[in-house]
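Chain A is the first sequence line, chain B the second, and so forth, proteins listed ahead of strands; every chain is numbered from 1.
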Amino acid sequence: MTKIVVIVGPTASGKSALGIDLAQRFNGEIISADSMQIYQQLDIGTAKVSAAEQALVPHHLVDVVPMTANYSVADFVQAADLAIADIVARGKLPIVVGGTGFYVKALLGDLDLDWPASDAKIAAQLQQDLAASDLATQAQRLVELSPEIAKRVDLQNPQRVLRALNVALQDVDLPPKAPRPTYEALTLGLDWPRDVLYDRINQRVDQMVSAGVLTEAQALLDAGGLALQAGQAIGYKEWFAYLQGTSDLQTATDLLKRNSRRYAKRQLTYFKHQLDVTWTTANDAANLVDVYIKS
RNA sequence: GGGAGUGUAGCGAAGUCUGGUUAAACGCGACGGACUGUAACUCCGUUCCUUCGGGUUCGUAGGUUCGAAUCCUACCGCUCCCA
């Protein structure tokens, strides 16, 4: 089984730096598991690794699509599988680094992305009125359409139901599911005492402002803002109101800090309960990896 | 010194006129949780104390009342205006 190293941790916990450090020590390459660093041009607000850092160690799955594009876990898993195979073929160690727990789980677990196809005609017909109907109706349709999918979705969560519905409706004529590789993973988690982490987050936000996030945010706003998938990114959406003159800089900054803190908590919850993480520090990580590789 | 206002749970802020259905709305902060196709999304819960039976609260001390955050009195603190 292919051995890989995975590094997770809340935002601003130091994942990127650790990833580079480990890659240099163990002849590895980085695969980013980050739903927002996927996007080109969103550099500062996503705390993307710099060009200089990327020159040190090859990074995959960063800057792969324009900021107007949609991207899904399925896209990620497919691309990551390819990248890992390529890295291994060249005799190097794949190191997955990312804060998007969902992506990591999908990569490591056996996320069943090949759900049964629905009838295309029914789909086209239903799509319209479904969007306008209420939650109960949508949930009911989902159950009728694909019990398998419905089973996996929180039917009380409006957005989740709508998305699942879209999946059930649009995914027509999928080719047979290709068997995915399975990996043996050492999943390392980086964490800090809560108050320290919050300090790091607050500082990072201030740095983003002085580094010029506003320019990036303006570009994203011009490209579509909130309507885009990338427009949901924490670190960008908070600036839109300010750029449109309906909020001031201080308010926007505070909001961003708050959202980042809340996000960090959500990440931690996900890592703790959805992944099998070995919690460690940047200093101890190398030893763990060393032992793992030789095992 | 005179006048007006104000004091509510970690913070902000309702409730006071028209006492009870108010351990006290709501927001923030903090904390916990869910998560299989947009996941930096979306959603849920806890936040006076408790041995979970209860207990103690709305600046403080009294009073009225069957019953008070809500009415009365005094006092303390803060804000503003006139001196």
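Rounded to the nearest Å, the gap between the P atom of B/G10 and that of B/U36 is 38 Å. B/C28 and B/C72 have their C1' atoms separated by 36 Å, with the value rounded to a whole Å. For the C1' atom pair drawn from B/U16 and B/G7, the interatomic distance equals 13 Å after rounding to whole Å. Only the C1' atoms considered, B/C82 is 37 Å distant from B/A9, to the nearest whole Å. Comparing the same atom, P, in B/C17 and in B/A68 gives a spacing of 14 Å after rounding to whole Å. Separating the P atom of B/C58 from that of B/A69 is a span of 7 Å, rounded to the nearest Å. Spacing between B/A34 and B/G19 at atom P, rounded to whole Å, works out to 48 Å. Separation of the C1' atoms belonging to B/C81 and B/G59 is 24 Å when rounded to the nearest angstrom.
Side-chain N/O atoms of A/N70 and base N/O atoms of B/U38 include no donor-acceptor pair closer than 3.5 Å. The base of B/C28 does not come close enough to the side chain of A/R258 for any donor and acceptor atom to sit less than 3.5 Å apart. The base of B/A40 is paired with the side chain of A/D34 by a donor and an acceptor separated by under 3.5 Å. A donor-acceptor contact under 3.5 Å is not formed by the side chain of A/R194 with the base of B/C31.
With respect to A/K294 and A/D290, a salt bridge is recorded, a charged nitrogen being found less than 4.0 Å from a carboxylate O. The pair A/D63-A/K48 meets the salt-bridge criterion, since a charged nitrogen lies less than 4.0 angstrom from a carboxylate oxygen. Ion pair A/R90/A/E29 flagged as a salt bridge, since at least one NZ, NE, NH1 or NH2 atom sits closer than 4.0 Å to an Asp/Glu carboxylate oxygen.
OP1 or OP2 of B/C41 sits under 4.0 Å from a side-chain N or O of A/K237. Taking only side-chain nitrogens and oxygens, A/T269 comes nearer than 4.0 Å to OP1 or OP2 of B/G33. At B/U38, none of the side-chain N or O atoms of A/Y71 fall inside 4.0 Å of OP1 or OP2 (strictly under the cut-off). In this model, the phosphate group of B/U38 is not approached by any side-chain N or O of A/S72 to a distance below 4.0 Å at OP1 or OP2. Distances shown here put every side-chain N or O of A/R262 at or beyond 4.0 Å from the OP1 or OP2 atom of B/C31. Between A/Y103 and B/U38 there is no side-chain N or O to OP1 or OP2 distance below 4.0 Å. Contact between the side-chain N/O atoms of A/K265 and the OP1/OP2 oxygens of B/G33 is not found at any separation under 4.0 Å. Applying the 4.0 Å criterion to OP1 and OP2 of B/U36, one finds that A/K105 has a side-chain N or O inside that range.
Backbone-only engagement by A/Y198 is indicated by non-hydrogen atom pairs under 4.0 Å involving sugar-phosphate atoms exclusively.
Taking the ring centre of A/Y183 as origin, the terminal cationic atom of A/K3 falls outside the region bounded by 6.0 Å and 45° from the ring axis.
B/G53 has its base syn relative to the sugar, with a glycosidic angle deviating from 0 by at most 90°.
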Any chance you could encode RNA chain B as dot-bracket? Rule is Watson-Crick or G-U wobble with both distances under 3.5 Å; [ ] for pairs crossing earlier ones, | for another strand. ((((((((.[[[..)....(.....]]]((((((.......))))))((....))...[[[[[..)....]]]]]))))))).
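If A/H273 and A/R266 are placed on RNA chain B by their nearest nucleotide, the residue sitting closer to the 5' end is A/H273.
The closest donor-acceptor contact from the side chain of A/Q232 to the backbone of A/L226 lies at 3.5 Å or more, if one exists at all.
Hydrophobic clustering (ILVMFWY, side-chain heavy atoms < 4.5 Å, transitive): A/L108 and A/Y270 are in one cluster.
Of the residues in residues 200-235 of chain A, those placing a heavy atom less than 4.0 Å from an atom of RNA chain B are A/Q229, A/Q232, A/A233, A/I234, in numerical order.
The environment of A/E144 atom CD is dense: over 12 non-hydrogen atoms of other residues, nucleotides or ligands sit within 6.0 angstrom.
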